[in-house]
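Structure first, commentary second.
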Amino acid sequence: MEERYNFTAIEDKWQKKWAEENAYKVVEGEDKPKYYCLEMFPYPSGNLHMGHVRNYSIGDVVARFKNMQGFNVLHPMGWDSFGLPAENAAIKHGVAPAKWTWENIANMRRQLKAMGISYDWDREVASCHPDYYKWTQWLFLQLFHNGLAYKKKAAVNWCPSCQTVLANEQVVDGACERCDSEVEKKALEQWFFKTTAYADRLLDDLEKLPGWPEKVKIMQENWIGRSEGARIKFTVKETGDDLEVFTTRHDTVFGVTYMILAPEHPLVKILTKGTEYEARAQEFIKNVQKLSEVDRTSTELEKEGIFIGAHAVNPLNGEEIPILIGNYVLMEYGTGAVMGVPAHDERDFKFAKKYNLEIRVVIQPEGPELKVEEMEEASTEDGIMVNSGDFSGLPNREGMVKIVDYLEKNNCGQRQINYRLRDWLISRQRYWGAAIPIVYCDECGLVPVPDQDLPVLLPEDVEFRPSGESPLKYSPEFVNATCPTCGKPAKRETDTMDTFVCSSWYFLRFCDPKNTEEAFNKDKVDYWMAVDQYIGGVEHAILHLMYARFFTKVFKDLNLVSVDEPFTNLLTQGMVLKDGSKMSKSKGNVVSPEEIIKKYGADTARMFILFAAPPERDLEWNDQAVEGCYRFLNRVWRLAFAYNEGIKGAQGEIGALEGADRGLRRLTHLTIKKVTEDVAGRFNFNTAISAVMELVNGLYNYKDKEQGTNMLVVKEAIESIVLLLAPFAPHITEELWYSIGYETSVHQEKWPVHIPETLAVDEVTVVVQVNGKVRDKIIVPVNMDKKAVEGLAKALPKVDEYLKGKDIKKVVVIPNKLVNIVVG
RNA sequence: GCCGAAGUGGCGGAAUUGGCAGACGCAGUGGACUCAAAAUCCACCGCCUUCAAAAGCGUGCCGGUUCGAGUCCGGCCUUCGGCACCA
């Protein structure tokens, strides 16, 4: 064994060996319980960043730990390799997206391997590979055949800079989440997945996920935005048209004093056509539509509206009320029309005050009687219904049920549940993505590509224009196809799929990555799924995690998989910060993983990133603290070196121990217990590492004592240190394991288990308090009689001082811990 | 505005069930080794008063429960995250 810790040589050596032996390959059905550990696969931007290092270090600890605990661990890695940056590189530098992507993958694979992560590289997948996207396309067709993929014209989010449409989830504060450009609304024919058909299950099944952070579940709940209410059918007096509204407060329907429509509502045109109101309505609509999405949906926007000359008839009391259009009503939610109840809705109240519309109280809450003249804001509380015909006198919650029953009986409304969630817009007007496998035929219309014609390959001989338009549109050999049904010339769909489609099923492909006959074999998927531990950034809390859940539920319904939730346990890691903010090129605070690995080694990098903070929390990068972890590994190395010969010769059972020997053994087993609990139970790797540091410190203290050394106890301590650190620092521990005489990998060893008897002590330190303040401590035999401890405590001179001249009111004795003497 | 999380030394963080606040690490101070330096090893390291001993104060703020509160309860403040004219 070398005296110096030469991390470069050690890490190279073991990485090569593990690769040669395919050390982390797994197959189904070994005689062990399965464990699927998955980290979110990266977009191959070209270089690993610290967020990746953190993500994959956490995952590797879990995977290696579970492996040592006797599980058959699936731990795969791949590439989310379709996406816009590849195309931008093509436009800017003239490199083909495929070439650019595969080179990036090669580089990042090399960097990942330098981290020594225990991936089964035989299962590597890349979503941009035809072997993969063939099945992405096949899965699209499954959705299509089951009515879950459809095309419609809709007002969609358009990013002018990315030259493509975006899903709702990809718009943040009215801007594109990728490039921050302000998003525009465009009316376009687009492909959608019917996520709304699964809204209730996506919501309800969150309850089946106790292993997910509450925060993420709440975010999804908000995003789905379920609200229960009623759909009520008013009629237009002048034309007899139906005018439906959605409301969650149908108990206030007797308080409706006007009706208000979204500017885009189809009835607006019909009702104003040829009337004196037409011009003013057009003008109003034009002004509203001039506003950006952000301004229009801002709560700051002054509420405005105009009367359009028509009236609606309230089905409950026959009243005629004016119909207006308003800038605060959204066409996309509910029916695009709202009943105005100024007395009991904040927005309606402000609006009615501004335009002098009638305000009528129909719910009287507890307290003084509401008087319209005195009201300064709407009353949204529960109460007793008043001015509500036959429903007057009922508590409003009861009235709600009665009213909706009445509506249903009289055919003028029904119970309705509304969701904020919209269908998932998956079309992208881009090249570097999985082509949507559809052709358009003049004769047969829209025709899906037959399975045997998949994949629809991306043409490589294409030109990228600086306009940013998809070259697929201008590629004749791509666009021109023959109709699969009638054989006549037809045109291919040129939109590609959102990359989130590719990442919504990769965890299934990992179960069976080389299958050429199917997307995945059901038995294999049933063996490995669900993912036992999923690890990634919280930025995917809504997008990826909801889409993946949606796909899994669809596949379950199609009998492709047996689980209905893909990820049993979810860990959302925090960001890696430098100088208080996220590492980014523009801020110039990026620390390169490659440089850190070069300078200190992968083991040090991993140790630091796991030690500096618990995984969910943001982590502040600190170069000096990295050195601290490097020092620690050196301390471990020197200990092993110092005792190397000694422990190789040590043989036999550890007998009865005393003094320092017994103390060291106890510390060893305490550490095993603590590390096991921290890693298995709570993923608190930082405290697990600090516990091992304490054992190392303890061993140094033991070494300094220079009494007789019990080599068996030392051997147990050192072996425990190596085993406990193996998931964290796989290279140095492997080297040390062989150095101290073993001939097989430390990573195939059993995780150590503490021996409870070694933790026993003869004496304990008991704290003595007077009125809750610590005044002294005593060392007493363990489990000493309460009365006896109390007697000893009272007799202490330091304690006695505080007792002098006072009455003892009470004495609390917690065995082996503390005595509290209460005096008055 | 609504929902959620967090607030502990100079810094990252620990305290898992209400029981010695500050484990472990970084930075800092002192010492050993060395001709010297680096590396290493050892010790100290919340604030305040103090030569010292000893005391007092201390987990964002105010109050409460308790023999005892970083931890539980009520009210606030600040920061971060999500949602937001969703009818």
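A, B, ... follow the sequence lines: proteins, then strands. Residue 1 opens every chain.
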[X] and [Y]: side chain donor to acceptor below 3.5 Å:
X       : Y       : answer
N418(A) : S227(A) : no
Y600(A) : E627(A) : yes
Q573(A) : R617(A) : no
Y258(A) : E358(A) : no
W637(A) : E3(A)   : no
N396(A) : D382(A) : yes

[N] to [M] separation - [atom1] atoms, rounded to the nearest Å:
N       : M       : atom1 : value
rG68(B) : rU17(B) : P     : 22 Å
rA27(B) : rG19(B) : C1'   : 32 Å
rG9(B)  : rG70(B) : C1'   : 14 Å
rC44(B) : rG25(B) : P     : 13 Å
rC67(B) : rC62(B) : C1'   : 24 Å
rG13(B) : rU8(B)  : P     : 9 Å
rG74(B) : rC83(B) : C1'   : 27 Å
rU40(B) : rC45(B) : P     : 22 Å

If you look at every strand shown and take non-hydrogen atoms under 4.0 Å, does [X] touch a base, only sugar-phosphate, or nothing?
X       : value
E214(A) : nothing
D678(A) : base
V245(A) : nothing
R422(A) : base
L301(A) : base
I814(A) : base
Y630(A) : nothing

Spacing of [X] atom [atom1] relative to [N] atom [atom2], expressed in whole Å:
X       : N       : atom1 : atom2 : answer
D618(A) : rG7(B)  : CG    : C1'   : 14 Å
E228(A) : rC86(B) : CD    : P     : 18 Å
K798(A) : rC20(B) : NZ    : C1'   : 13 Å
F351(A) : rA87(B) : CZ    : C1'   : 13 Å
R420(A) : rG82(B) : CZ    : P     : 13 Å
K673(A) : rU16(B) : NZ    : C1'   : 10 Å
E244(A) : rA87(B) : CD    : P     : 17 Å
W621(A) : rC11(B) : CH2   : P     : 21 Å

Between [X] and [N], is there a contact of a side-chain N or O with OP1 or OP2 at under 4.0 Å?
X       : N       : answer
K773(A) : rG58(B) : no
R682(A) : rA15(B) : yes
S227(A) : rA87(B) : yes
R347(A) : rC86(B) : yes
R296(A) : rC86(B) : no

Flag this pair as yes if the NZ/CZ of [X] is under 6.0 angstrom from the six-membered ring centre of [Y] and inside a 45 degree cone about the axis; otherwise no.
X       : Y       : answer
R635(A) : Y700(A) : yes
R231(A) : F246(A) : no
K303(A) : F351(A) : no

Open item on the list: I'd like to know if N820(A) reaches the base of rC67(B) with its side chain, counting only an N/O donor and acceptor under 3.5 Å.
Closed with: yes
Task: Polar side-chain contact K810(A)-rC67(B) base: donor and acceptor under 3.5 Å - done: no
Task: Annotated protein contacts, base or backbone, on nucleotides 22-34 of chain B with a non-hydrogen cut-off under 4.0 Å, one of B, S, - each - done: -BBSSS-------
[N] - base-pair partner by Watson-Crick or wobble geometry, distances under 3.5 Å:
N       : result
rG18(B) : none
rA5(B)  : rU79(B)
rA43(B) : rU29(B)
rA38(B) : none
rA53(B) : none

Task: Residue met sooner reading RNA chain B from 5', once R617(A) and E302(A) are mapped to nucleotides - done: R617(A)
Task: Upstream residue (5' side of RNA chain B) when A613(A) and Y700(A) are each assigned their closest nucleotide - done: A613(A)
In terms of side-chain heavy atoms of [X], which of [options] is nearest?
X       : options                   : answer
L330(A) : rA55(B), rA87(B), rC20(B) : rA87(B)
V812(A) : rG56(B), rG19(B), rA87(B) : rG19(B)
T247(A) : rC20(B), rA55(B), rA87(B) : rA87(B)

Task: Test log, rule side-chain contact (heavy atoms from CB on, under 4.5 Å), inputs E377(A) and K350(A) - done: CA-CA 8 Å; E377(A) 54 178 13; K350(A) 281 194 189 123; over 6 Å; no
Task: Where the chi angle of rG9(B) falls, syn if within 90° of 0 and anti if not - done: syn
Task: Residue pair H544(A), M40(A): steps toward the side-chain contact (heavy atoms from CB on, under 4.5 Å) verdict - done: CA-CA 10 Å; H544(A) 163 63; M40(A) 291 179 183; 4.1 Å; yes
